[in-house]
Number of protein chains: 2
Amino acid sequence: MELIEASKALSAIAQPIRLNAFRVLVVAGESGMPAGALAEKLKVAKSTLSFHLKELRHAGLATSHREGRSIIYKLEYDAMRHLLDYLTKDCCSGHPELRVSNESEINTCCPTTHV
Amino acid sequence: MELIEASKALSAIAQPIRLNAFRVLVVAGESGMPAGALAEKLKVAKSTLSFHLKELRHAGLATSHREGRSIIYKLEYDAMRHLLDYLTKDCCSGHPELRVSNESEINTCCPTTHV
DNA sequence: TCCATACTTCGATAATCATTGAAATAAATA
DNA sequence: TATTTATTTCAATGATTATCGAAGTATGGA
């Protein structure tokens with residue numbers, strides 16, 4: 001990933017409604033979520049959300065497909081991981097202190113066999 | 001860090017000139033870099049860069065101080081780390097596959113006692 | 001004090017982004 | 001086929017963002 005691509009992906013999540021939508025979609029996981037349910041959960045007009053979901057799609061961070069009457073949105077995990085990789089590696093590699101602190105992850109990473 | 005704060009920080013780096021400035025400042029490190037040198041390096045008008053540096057400052061991602069005639073900019077590493085933490089933990093914790101692939105860090109995390 | 005240097009702020013302008021009701025499209029159902 | 005449901009697209013509007021020359025501010029010398 002290079003700069004322009006990264007700044008586009010960042011723009012996509014650099015907006016409260018879209019960042020929020022993103023969070024909800026992360027929780028929704030592989031099965032995704034219909035646009036309407038998302039609009040309701042985020043309490044925004046459907047046309048407004050539709051606009052924002054389009055932005056996420058155009059940035060490659062989400063995909064959509066029709067299922068009956070609903071249109072299901074889900075995240076494009078790879079794209080997000082590429083972005084995070086870009087930020088932590090390509091961009092911040094000059095400074096290791098910028099790496100994500102992972103104290104809280106040690107347990108899930110190491111199944112505390114020492115207890 | 002919560003949503004609004006995060007989206008502000010994201011907006012700050014979601015622009016090519018600013019993301020580029022950010023990268024250069026990461027390399028510059030603790031000693032920082034004068035605004036003029038940065039403008040030259042990035043090949044943008046001084047007033048344009050001044051505008052963008054102000055954005056980085058307002059988002060809390062950079063600080064500046066005068067040194068003689070120059071104004072030195074440097075990164076606020078904590079703020080950036082908080083943002084990366086937010087993205088990887090608060091935001092993506094529902095999906096471990098979004099975590100930064102850290103093959104190179106696994107050894108430092110789990111001292112593979114099970115071998 | 002006068003001048004050059006290093007920046008920032010201002011002001012005008014252009015471009016992009018966000019919001020929402022209304023109209024359009026598409027699929028399920030009566 | 002007419003209706004309801006789910007969602008997008010359109011159009012109008014307002015808000016924010018970006019650009020850059022010119023003017024302003026602060027500092028260090030001559």
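Within every chain, numbering begins at 1; the chains are lettered A, B, ... in the order of the sequence lines, protein sequences first and strands thereafter.
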Hey, does [Y] have a side-chain heavy atom less than 4.5 Å from the side chain of [X]?
{"X": "B/Leu61", "Y": "B/Glu76", "result": "no"}
{"X": "B/Met33", "Y": "B/Val24", "result": "yes"}
{"X": "B/Met80", "Y": "B/Leu75", "result": "no"}

Exercise. Chain A on DNA chain C: first and last contacting nucleotide, 5' to 3', under 4.0 Å to a heavy atom?
Worked result: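 On DNA chain C, the outermost contacted nucleotides are C/dA18 to C/dA28.
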Problem set entry | Interface residues of residues 14-22 of chain B with DNA chain D (non-hydrogen, below 4.0 angstrom) |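 B/Gln15, B/Ile17, B/Arg18 - these, ordered by number, are the residues of the stretch whose heavy atoms sit under 4.0 Å from the strand.
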For this session: Scan residues 33-63 of chain A against DNA chain D and write down, sorted by residue number, each residue with any heavy atom closer than 4.0 Å; if none is found, say none.
Result: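 Close to the strand are A/Pro34, A/Ala35, A/Gly36, A/Lys46, A/Ser47, A/Ser50.
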Partners passing side-chain contact (heavy atoms from CB on, under 4.5 Å) against [X] (at least two apart in sequence or in another chain):
{"X": "B/Glu40", "answer": "none"}
{"X": "A/Ser47", "answer": "A/Ala45"}
{"X": "A/Ser64", "answer": "A/Arg57, A/Ile71, A/Tyr73"}

Problem set entry | Range on DNA chain D touched by chain A - first to last nucleotide, heavy-atom distance under 4.0 Å |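 Nucleotide range in contact with chain A: D/dT4 to D/dT9.
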For this session: Enumerate the residue pairs fulfilling salt bridge (Lys or Arg N to Asp or Glu O under 4.0 Å) with a member in residues 63-72 of chain B, sequence neighbours excluded, ordered by first and then second residue.
Result: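 Applying salt bridge (Lys or Arg N to Asp or Glu O under 4.0 Å) to every pair that reaches into residues 63-72 of chain B, excluding sequence neighbours, yields nothing.
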Problem set entry | Contact list for residues 43-54 of chain B, test salt bridge (Lys or Arg N to Asp or Glu O under 4.0 Å), sequence neighbours left out |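 Qualifying pairs: none.
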Problem set entry | Inter-residue atom distance B/Ile72.CD1 - B/Leu38.CG, 0.5 Å rounding |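 So the gap between those two atoms works out to 10.5 Å.
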For this session: Starting at OG of B/Ser70, measure out to NE2 of B/His65 and round the result to the nearest 0.5 Å.
Result: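 The OG atom of B/Ser70 sits 9.5 Å away from the NE2 atom of B/His65.
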Could you tabulate the donor-acceptor pairs under 3.5 Å formed by side-chain atoms of residues 3-23 of chain B, not counting sequence neighbours?
| from | atom 1 | to | atom 2 | distance (Å) |
| --- | --- | --- | --- | --- |
| B/Ser7 | OG | B/Ile4 | O | 3.0 |
| B/Ser11 | OG | A/Ala14 | O | 3.1 |
| B/Ser11 | OG | B/Ser7 | O | 2.9 |
| B/Gln15 | OE1 | B/Ile17 | N | 2.8 |
| B/Gln15 | OE1 | B/Arg18 | N | 3.2 |
| B/Arg18 | NE | B/Ala12 | O | 2.6 |
| B/Arg18 | NH1 | B/His52 | ND1 | 3.0 |
| B/Arg18 | NH2 | B/Ser11 | O | 3.1 |
| B/Arg23 | NH1 | A/Tyr86 | OH | 2.9 |

For this session: Could you tell me which residues satisfy side-chain hydrogen bond (donor to acceptor under 3.5 Å, both in side chains) with B/Glu30, sequence neighbours excluded, listed by chain and number?
Result: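 B/Glu30 satisfies side-chain hydrogen bond (donor to acceptor under 3.5 Å, both in side chains) with no other residue.
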